[in-house]
Amino acid sequence: MTEKIQILMTQPLLQSCVDGLEERFIIHRLYEQEDKAEFFKANGKNIRGLAGHAADAQLMDALPNLEIIANFGVGYDNIDTDAAKARNIRVTNTPDVLNDAMGEITIGLMVCLARQIPQAERYTRAGKWPKEGVFGLHSELNGKTVGIVGLGSVGKEIATRCQAMKMRVVYHSRNKQRNVPYVYYDNLVEMARDVDWLVVIVPGGAATHNLINREVLTALGPEGMLVNVARGSVVDEPVMIEMLQKNEIGGAALDVFADEPNIPDTLLGLDNVVLSPHQGSATHQTRYEMGALVVANLEAYFAGVPLLTPVV
Ligand code: 8YV
């Protein structure tokens with residue numbers, strides 16, 4: 001009987017994913033190791049695969065026989081792909097299976113922000129309705145223009161749902177896409193100036209760091225609404241907070257933050273924001289599919305068949 005391949009889990013993962021991994025591989029849990037240096041000394045050489053959300057060059061060096069990193073997530077900005085390439089390590093992610101969940105949460109956040117549902121809920125629970133009267137009026141999505149920053153597979157799901165909300169959709173991305181019925185802007189600032197809503201869904205990483213900066217937010221303006229379901233790093237967070245405080249942008253619905261899970265107190269204290277703790281893909285069915293893809297990629301690699309969703 002051939003020996004089971006050894007896999008390192010860098011973070012706790014969904015139980016169905018862990019079960020799938022355990023069926024096929026020997027699993028080591030890095031997050032349970034008190035003495036990591038000792039752990040690497042004893043096991044580092046035996047580990048051939050990694051499942052988790054993050055891997056830097058230092059971790060790769062501690063695993064000299066690592067062959068594949070299966071990222072639990074579509075975004076792989078926490079994986080040093082250059083370091084992986086240099087060491088001949090393959091990298092996979094979990095695209096597409098989360099597109100619908102991402103589309104849904106984006107619309108949910110937009111409706112919450114426009115209609116002030118969380119604020120109204122807080123008002124109702126605090127018993128203010130009988131004491132202070134009706135909650136007040138707010139805006140709606142219908143008839144507004146939304147600019148999508150990053151029209152990838154998730155961006156497209158957001159776009160069709162925005163159309164269902166009777167919004168006009170335009171987009172900005174590095175290149176104009178063929179067979180897309182939305183107006184394209186090659187200039188992000190110009191798009192921000194022309195839209196009521198800006199929805200950010202580009203990959204994280206150096207190329208998009210602080211893409212949504214003061215100039216873009218100033219163009220979006222005091223009535224403009226920002227939605228970030230991508231990565232906290234894509235928005236200049238201190239600038240966004242300052243502009244929200246001064247009502248220089250209308251509001252923000254945020255699922256992602258610069259230093260998760262830490263959110264600045266100034267942001268937590270604002271009433272023109274809707275905050276969500278990185279819940280974009282967090283549904284039972286989507287996370288199950290993401291976990292299954294992590295297992296399937298590792299299985300394919302060690303069976304010597306093509307990877308299902310490679311990035312490197
Ligand atoms: C998850 C994500 O938060 O897929 C991504 O890029 O950000 C999310 O789906 C994460 O990867 C898994 O916990």
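In listed order, ligands and their atoms are each counted from 1.
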Pair listing, salt bridge (Lys or Arg N to Asp or Glu O under 4.0 Å) test, anchored in residues 193-212, at least two apart
none
Quick one: table the atom pairs, ligand 1 N or O against protein N or O, below 3.5 Å, distance rounded to 0.1 Å.
residue	atom	partner	partner atom	Å
ligand 1	3 (O)	His278	NE2	3.1
ligand 1	4 (O)	Val74	N	2.7
ligand 1	6 (O)	Val74	N	3.4
ligand 1	6 (O)	Gly75	N	2.8
ligand 1	6 (O)	Arg231	NH2	2.8
ligand 1	7 (O)	Arg231	NH1	2.9
ligand 1	7 (O)	Arg231	NH2	3.3
ligand 1	7 (O)	His278	NE2	2.8
ligand 1	9 (O)	Ser281	OG	2.6
ligand 1	11 (O)	Phe72	O	2.9
ligand 1	13 (O)	His53	NE2	3.4

Just say parallel, tilted or perpendicular for the rings of His172 and Tyr184, cut-offs at 30° and 60°.
parallel
Between the side chains of Glu67 and Arg90, is the shortest nitrogen-to-carboxylate-oxygen separation below 4.0 Å, so that they form an ion pair?
no
N-O pairing of Arg214 and Asp236 below 4.0 Å:
no
Minimum heavy-atom separation for Phe39 and His28, please, with both atom names.
CZ-CB, 3.6 Å
Lys/Arg N to Asp/Glu carboxylate O, Asp61 vs Arg87, below 4.0 Å:
yes
